[in-house]
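Take a look at the structure set out below.
Since we're looking at a predicted model, the values are computed, not measured. Lettering of chains follows the sequences in order, A, B, ..., and the numbering in each one begins at 1.
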Number of protein chains: 2
Amino acid sequence: MLQVRDGSLQVMLWQRAREPHAHRWSLPGGGLGDDEDVEESIRRQLAEKVDVRQLSHVEQLAVFSHPGRVPGRPRVVATAFLGLVPSHIDPVVPSDTAWHPVDALPPTAFDHEAICDRARHRLASKLSYTNLGFALAPPEFTISALRALYSAALGYKVSATNLQRVLSRRGLLEPTGATVPPGPAGGRPAALFRFVSGRLRVTDPFAVLRPPSTRSLGP
Amino acid sequence: MLQVRDGSLQVMLWQRAREPHAHRWSLPGGGLGDDEDVEESIRRQLAEKVDVRQLSHVEQLAVFSHPGRVPGRPRVVATAFLGLVPSHIDPVVPSDTAWHPVDALPPTAFDHEAICDRARHRLASKLSYTNLGFALAPPEFTISALRALYSAALGYKVSATNLQRVLSRRGLLEPTGATVPPGPAGGRPAALFRFVSGRLRVTDPFAVLRPPSTRSLGP
DNA sequence: ACAAAAGTGTTAACTCTACACCCATGC
DNA sequence: GCATGGGTGTAGAGTTAACACTTTTGT
């Protein structure tokens, strides 16, 4: 589960009490029940940590199935997921559970660091060619705030100017009309925006080799 | 397993002899052994159908885990893969096995039609932003031949002119120097090309929101 | 007035599509 | 010569990054 917290992208981990890998930090998860699919299962597992209604997005990443991935046990096949929580939420988490910046992970259990890396990469990619930003952002936000979210998730500074232009041209962003008063240092009040849609949509489907344009189908 | 055959994208299926879903057509696959991961397993399963050295690309698609996906049995969790065979190969296949155009599938077992759709979509996407064309094409080919492969895989006509330009600009294609004599109808001899690399490479990593250019880091 | 923060205008570079045109060959 | 298929030139549209500039506020 990933969230932008305090200006950095963080992942929710819990500290294992027992072997194998006691005291190491682990991604939430667990066994698959007989009457659920893996999507239902991961939501059930995450529900033990947070209110699942706080999850703004969940998607499959990949299967991790190396025979030795869980030491001292028969092989465990894991289906890894990317889960996102919007930045305005601060879920109450159990005492063995905490958020960690993805750039400074504590010792992790099993192959969970590799799973984290996969999740970061997937998130960065989808921010570029979909409207997935809605899953990181609160319902309303200033462009500066959105810039901070994108910067944290992508790992490099994003220009507020160009971010607004790209997302607006694609029709993903709309102004609410409201503004936020500036801080004590002054400055122009910032306009508030929201994402037009809260459903994942691919906005830049093919970089090249697009289908022929319709006008070339004429007589 | 997908391949462009006779001008259309086709999938290799085998006809089930026994229930459930007897006589329906099924994707190759099977159980996961204790000492292999899912990638090794799928290659082992496919080896029963073709020479695995003929596989030019294999990648995970997704997990299919709906409890009712295999009727009359405890739930079976499947990890679906996309496998590609270059068009110049014509593998000898068992008698219960045949290639079918993805646009005209016979009645398929379980959720295998959905898996096929997922594979087609993944292939089409990756042709646009990676060099995955190498996995469909023979070692050397004319631009016309490559155009036919891309058109079949994408499902719409691709311009030979622009295909050559896009792939050349990206440094994916290089001329071999050789040419192919024209057919009986005449025409200019076609130059032969090859893919520079046979390893998957992302060539168009982010549609937008690229990291800042290096020159803006100057003093 | 001045500093600070937000937002807009503008330019240059780049990429892709479409289409006109030229090239090399068989008949 | 001329039809046929292969290949190149080029113009135009569309996006994006970079940066200068304007707007709106607090002190």
Counting heavy atoms from C-beta on, name the nucleotide in [options] closest to the side chain of [X].
X: Pro184(B); options: dT24(D), dT17(C), dC27(C); value: dC27(C)
X: Pro182(A); options: dA17(D), dT4(D), dT25(D); value: dT25(D)
X: Ile143(A); options: dA4(C), dT16(D), dG7(C); value: dG7(C)
X: Arg165(A); options: dG9(C), dT15(D), dG7(D); value: dG9(C)
X: Pro189(B); options: dT25(C), dC16(C), dG7(C); value: dT25(C)

Original post:
Out of Leu167(A), Thr176(A), Ile143(A), which one pairs with Phe193(A) under the side chain to side chain contact (heavy atoms under 4.5 Å, CB included) rule?
Top reply: Ile143(A)

Rounding to a whole Å, what distance do you find between [X]:[atom1] and [N]:[atom2]?
X: Tyr156(B); N: dA18(C); atom1: OH; atom2: C1'; result: 16 Å
X: Leu167(A); N: dT16(D); atom1: CG; atom2: C1'; result: 13 Å
X: Tyr150(B); N: dC16(C); atom1: OH; atom2: C1'; result: 15 Å
X: Asn162(B); N: dC19(C); atom1: CG; atom2: P; result: 11 Å
X: Phe141(A); N: dG7(C); atom1: CZ; atom2: C1'; result: 16 Å
X: Leu163(A); N: dA18(D); atom1: CG; atom2: C1'; result: 15 Å
X: Asp204(A); N: dC16(C); atom1: CG; atom2: C1'; result: 13 Å
X: Leu173(B); N: dG6(D); atom1: CG; atom2: C1'; result: 15 Å

Below 4.0 Å: OP1/OP2 of [N] and any side-chain N or O of [X]:
X: Arg188(B); N: dT8(D); result: no
X: Gln164(A); N: dT8(C); result: yes
X: Arg147(B); N: dG7(D); result: no

**OP:** Map Ala185(B) and Leu192(B) onto DNA chain D by nearest heavy atom, then report which one ends up closer to the 5' terminus.
**Re:** Ala185(B)

Subject >> Touch class at under 4.0 angstrom, heavy-atom based, for Ala191(B) against every strand present >> reply: sugar-phosphate

Original post:
Touch check for Ser159(B), heavy atoms < 4.0 angstrom, all strands: base, sugar-phosphate only, or nothing?
Top reply: nothing

Looking only at the side chains, is there a donor atom on one of [X] and [Y] sitting less than 3.5 Å from an acceptor on the other?
X: Ser41(A); Y: Glu39(A); value: no
X: Arg170(A); Y: Thr203(A); value: yes
X: Thr97(B); Y: Lys49(B); value: yes

Original post:
So which one's nearest nucleotide on DNA chain C is more toward 5', Phe193(A) or Thr161(B)?
Top reply: Phe193(A)

**OP:** Could you tell me how the ring of Phe195(A) sits relative to the ring of Phe141(A): parallel (under 30°), tilted (30 to 60°) or perpendicular (over 60°)?
**Re:** tilted

